Amino acid sequence: MYVNRLGEDLPRTGEIPAGPAVAVWSLDTTLDVVGGHRVDQATAILDASERERAERLLRAGDRHRYLASHVGLRVLLGGYLGLAPQDVRLVREDCPCCDGPHGRPAVAGGAVQFSLSHSDDLAYLAFAEVPVGVDVEGIPSAAAVRDVLNVLHPAETAELSALPVEQRREALARLWSRKEAYFKGTGTGLAEGLAEPYVGSGPDPAPVPGWRLTDLPAPPAYAAALALRT
């Protein structure tokens with residue numbers, strides 16, 4: 001699957017992806033200008049919730065990466081919807097686990113579904129007509145592999161345990177990005193644990209009923225995946 005690159009210039013988004021189609025974009029969140037908008041002036045196009053979230057980030061680098069990714073999100077959503085970035089209204093769907101107002105982020109009216117993920121200085125954004133989740137992960141540490149090894153699906157634990165130690169970090173990154181993409185697509189997050197569904201750690205994702213999982217191209221030291229409801 002092709003991953004578009006969002007840079008400093010205003011992007012050409014085209015039409016909202018229809019049916020099983022999906023558009024994926026990557027973004028370097030250290031950029032000072034994203035899609036024609038200066039990141040240091042981002043508060044002019046973000047809503048109150050986004051501004052509040054940014055203000056809670058104490059580290060300047062974290063704040064810049066957050067602002068850059070949300071400028072990118074609004075620029076792309078505005079392109080698909082024919083709106084100025086500041087006119088895109090974001091809402092939260094109801095949580096599928098408890099019906100609380102903290103489910104998947106969404107566009108008011110639901111004309112396009114989206115998902116945003118970031119890791120270090122890299123963000124991935126996905127847009128579709130149906131619920132979609134995207135995730136990008138840096139290769140985890142050996143300690144992180146040990147920490148999660150026994151909370152995964154038993155078959156995934158067995159797969160990772162059977163690998164040479166030096167191969168486990170990359171395999172977990174593949175597995176984790178697939179599972180996180182699915183959780184973002186469903187809106188459940190980690191509320192129901194990490195064991196289900198089984199997504200596998202091998203070269204190709206395992207089938208998941210009702211969803212299509214796809215590994216995405218990613219830079220060295222990263223893994224990325226997409227989940228699209230079928």
Side-chain angles (χ1 to χ4, degrees), residues 1-4 6 13 16-27 29 50 53 65-66 69-70 72-74 76-77 80 88 90-120 122-138 140 148 151-153 156 172-201 204-218 222-230:
M1 179 177 293
Y2 182 73
V3 176
N4 302 283
L6 176 60
T13 56
I16 296 173
V22 59
V24 180
W25 296 76
S26 69
L27 168 65
T29 56
E50 290 169 305
R53 174 73 181 274
R65 286 186 284 268
Y66 175 86
S69 63
H70 279 253
L73 173 64
R74 285 182 166 274
L76 291 169
L77 283 172
Y80 288 118
V88 174
L90 301 178
V91 297
R92 283 279 184 175
E93 296 179 349
D94 291 339
C95 172
C97 300
C98 68
D99 293 327
H102 49 257
R104 295 173 65 248
V107 173
V112 60
Q113 306 283 322
F114 71 88
S115 182
L116 165 65
S117 175
H118 52 83
S119 178
D120 300 323
L122 181 64
Y124 272 45
L125 306 97
F127 303 87
E129 186 179 51
V130 297
V132 62
V134 72
D135 190 64
V136 59
E137 297 286 339
V148 303
V151 297
L152 302 170
H153 189 283
E156 293 166 345
L172 178 61
R174 286 195 300 269
L175 182 156
W176 195 270
S177 65
R178 296 166 185 170
K179 198 156 289 204
E180 280 277 16
Y182 170 83
F183 290 148
K184 290 178 179 179
T186 62
T188 60
L190 303 180
E192 297 179 340
L194 292 172
E196 299 292 343
Y198 169 73
V199 298
S201 61
D204 298 307
V208 175
W211 291 83
R212 174 165 57 91
L213 297 186
T214 306
D215 289 343
L216 297 173
Y222 288 92
L226 179 84
L228 190 70
R229 195 176 74 182
T230 57

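This is a predicted model, so every value here is computed, not measured.
Separation of atoms CG (Leu226) and OG (Ser115) is listed at 8.0 Å; rounding is to 0.5 Å. Here the straight-line distance linking atom CG of Leu175 with atom CD of Glu180 works out to 10.5 Å at 0.5 Å rounding. The distance from atom CG of Leu194 to atom CZ of Phe183, rounded to the nearest 0.5 Å, is 5.5 Å.
Glu156 meets the salt bridge (charged side-chain N to carboxylate O under 4.0 Å, His left out) test with Lys179; sequence neighbours excluded. Applying the side-chain contact (heavy atoms from CB on, under 4.5 Å) rule to Arg74 yields the partners Leu46, Asp47, Glu50, Pro85, Val88, Leu90; only residues at least two apart in sequence or on another chain are considered. When the ring-ring contact (aromatic ring centres under 6.0 Å, His included) test is applied to Phe114, no partner is found at least two apart in sequence or on another chain. Legend: residues meeting salt bridge (charged side-chain N to carboxylate O under 4.0 Å, His left out) with Arg104, ordered by chain and number and at least two apart, are Glu93. In this view, Asp204 satisfies the side-chain contact (heavy atoms from CB on, under 4.5 Å) rule with no residue, not counting sequence neighbours. For Ser201, the side chain to side chain donor-acceptor pair (under 3.5 Å) partners two or more places apart in sequence, or in a different chain, are Glu159. With sequence neighbours left out, the ring-ring contact (aromatic ring centres under 6.0 Å, His included) criterion links Tyr182 to Trp211. When the side chain to side chain donor-acceptor pair (under 3.5 Å) test is applied to Arg174, no partner is found at least two apart in sequence or on another chain. Under the side chain to side chain donor-acceptor pair (under 3.5 Å) criterion, Thr13 pairs with no residue, sequence neighbours left out. Residues meeting the ring-ring contact (aromatic ring centres under 6.0 Å, His included) test with His118, sequence neighbours left out: none. Under the ring-ring contact (aromatic ring centres under 6.0 Å, His included) criterion, Tyr66 pairs with His70, sequence neighbours left out.
Of the options Leu122, Thr29, Leu125, a side-chain contact (heavy atoms from CB on, under 4.5 Å) to Ser69 is made by Thr29 and by none of the others.
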Using distance only, find each side-chain donor-acceptor pair of residues 127-135 under 3.5 Å and give its atom names and separation, not counting sequence neighbours.
from, atom 1, to, atom 2, distance (Å)
Glu129, OE1, Gly19, N, 2.7
Asp135, OD1, Ser117, OG, 3.1
Asp135, OD1, Lys184, NZ, 3.1

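In this structure a side-chain-to-backbone donor-acceptor pair under 3.5 Å is present from Ser119 to Gly138. Distance alone, capped at 3.5 Å, is enough to place a donor-acceptor pair between the Asn4 side chain and the Val24 backbone. Side-chain N or O atoms of Arg212 include none that pairs as donor or acceptor with a backbone N or O of Thr230 at under 3.5 Å.
When side chains are defined from C-beta on, Leu152 counts as touching Leu172, because their heavy atoms get closer than 4.5 Å. Using a 4.5 Å heavy-atom cutoff, the side chains of Pro217 and Tyr222 are not in contact.
Shown here for Tyr124 and Ala224, the closest heavy-atom pair between the two residues is CE2-CB, 3.6 Å. Of all heavy-atom pairs between Val22 and Met1, the closest is CG1-CE, 3.6 Å. Among all heavy-atom pairs drawn from Leu116 and Ala123, the shortest one is CD1-CB, 4.3 Å.
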